[in-house]
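Down below is the structure, laid out as structure tokens.
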Amino acid sequence: MAIYLNNNVGVKLATAAAPTVPSIDISDYVTSAVINQIVDELEITTMSDNSHRFVQGLSSGQFTIDFLNDWANAEVMQTLNDAFGQTLSVSVITVKDTAVSAANPTYQFSILVNNLTPLGTGGVSEIASSSVTFTLNSAVTVSPSVAF
């Protein structure tokens, strides 16, 4: 059994200039990351069946990310603002700075940057943060060998 603390997840985003290459490492700003995968159920029950039967249809999902806002050049908010309305590739690893393996795979997928909270939350004397849920724009690929 492999148990890990969920405090060292790595997240890389592509840029609007190179939307298929995750190159901006935003791991130092991420406070939470969740990949939610969903697959449609297509019923294939026939008259001779004793129960419902289903097969996999199209997949969909969401990527929810909470992060501390940073408006510096080539950081979180500039990367997302520049890509608003576009599709970006994302790479995530369960435990950053650890070798990619079957126990520590990378996850590759694309997101549609369809919503932003540019100012985020936070009041006087608080750190500005955002929580954004993006629609997956591809299937999630899990790999024990693709580098983070």
Side-chain angles (χ1 to χ4, degrees), residues 1-43 52-148:
M1 175 186 297
I3 298 175
Y4 66 95
L5 294 175
N6 201 20
N7 63 350
N8 200 17
V9 172
V11 179
K12 284 185 180 178
L13 298 176
T15 65
T20 60
V21 181
S23 59
I24 304 294
D25 189 341
I26 64 168
S27 307
D28 290 344
Y29 302 99
V30 174
T31 59
S32 175
V34 177
I35 302 168
N36 184 18
Q37 296 175 268
I38 304 161
V39 67
D40 293 339
E41 300 173 352
L42 303 177
E43 187 165 2
H52 290 277
R53 292 188 309 132
F54 299 89
V55 296
Q56 173 182 330
L58 295 174
S59 67
S60 63
Q62 297 176 322
F63 178 55
T64 300
I65 185 167
D66 299 350
F67 55 89
L68 305 176
N69 291 353
D70 187 333
W71 290 271
N73 188 35
E75 294 297 347
V76 182
M77 290 314 301
Q78 184 185 36
T79 300
L80 292 174
N81 281 330
D82 290 349
F84 187 68
Q86 297 181 36
T87 296
L88 290 185
S89 292
V90 178
S91 181
V92 177
I93 189 166
T94 306
V95 183
K96 187 179 172 194
D97 299 327
T98 302
V100 176
S101 66
N104 189 37
T106 56
Y107 300 83
Q108 293 84 37
F109 52 92
S110 63
I111 57 171
L112 175 61
V113 183
N114 56 351
N115 68 98
L116 290 177
T117 53
L119 295 180
T121 61
V124 175
S125 299
E126 295 178 343
I127 295 178
S129 63
S130 292
S131 179
V132 186
T133 299
F134 298 111
T135 302
L136 294 188
N137 218 9
S138 71
V140 175
T141 302
V142 183
S143 175
S145 60
V146 173
F148 174 71

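Side chains are part of it too, since the values below use all heavy atoms of this structure and drop only hydrogens, waters and symmetry mates.
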Out of curiosity, L68 CG to E75 CD, how far, rounded to the nearest 0.5 Å?
11.5 Å
For P105 and A103, which heavy atoms make the closest approach, and how far apart are they?
CD-C, 3.5 Å
Closest contact, heavy atoms only, P144 versus A102:
CB-N, 3.6 Å
Is there a donor-acceptor pair closer than 3.5 Å between any side-chain N or O of S59 and the backbone N or O of A139?
no
Taking C-beta and beyond as the side chain, do I65 and V11 meet within less than 4.5 Å on heavy atoms?
yes
Can you name the nearest heavy-atom pair linking F134 to N115, along with the distance?
CE2-O, 3.3 Å
For the CD1 atom of I26 and the CG atom of L13, what is their distance to the nearest 0.5 Å?
4.0 Å
Do K96 and F148 meet the cation-pi criteria used here (NZ or CZ under 6.0 Å from the six-membered ring centre, within 45° of the axis)?
no
Do T64 and Q62 have side-chain N/O donor and acceptor atoms under 3.5 Å apart?
no
Any non-hydrogen side-chain atom of V113 less than 4.5 Å from a side-chain atom of Q86?
no
What I want to check is whether the side chains of N104 and T98 have a donor and an acceptor closer together than 3.5 Å.
no
Measuring from atom CG of N36 to atom OG1 of T135, what distance do you get when rounded to the nearest 0.5 angstrom?
11.0 Å
Looking only at heavy atoms, what is the nearest atom pair of G10 and S27, with distance?
CA-OG, 3.2 Å
Return each pair, listed once, that meets ring pair (Phe, Tyr, Trp, His ring centres under 6.0 Å) where at least one residue sits in residues 103-122; pairs must be two or more places apart or across chains.
F63-F109
Atom pair OG1/CG of T133 and N114 - distance to nearest 0.5 Å:
9.5 Å
Here the gap from I38 atom CD1 to L136 atom CG, rounded to the nearest 0.5 Å, amounts to 8.5 Å
So does G123 get a backbone contact from the side chain of E126, meaning a donor-acceptor N/O pair under 3.5 Å?
yes
Is the count of non-hydrogen atoms from other residues, nucleotides or ligands lying under 6.0 Å from E43 atom CD greater than 12?
yes
Please check this pair: side chain of T106 against backbone of V92, looking for a donor-acceptor N/O pair closer than 3.5 Å.
no
Partners meeting side chain to side chain donor-acceptor pair (under 3.5 Å) with S130 (sequence neighbours left out)
N69, T117
Would you compute the distance between atom OG1 of T15 and atom CG of D82 and round it to the nearest 0.5 angstrom?
8.5 Å
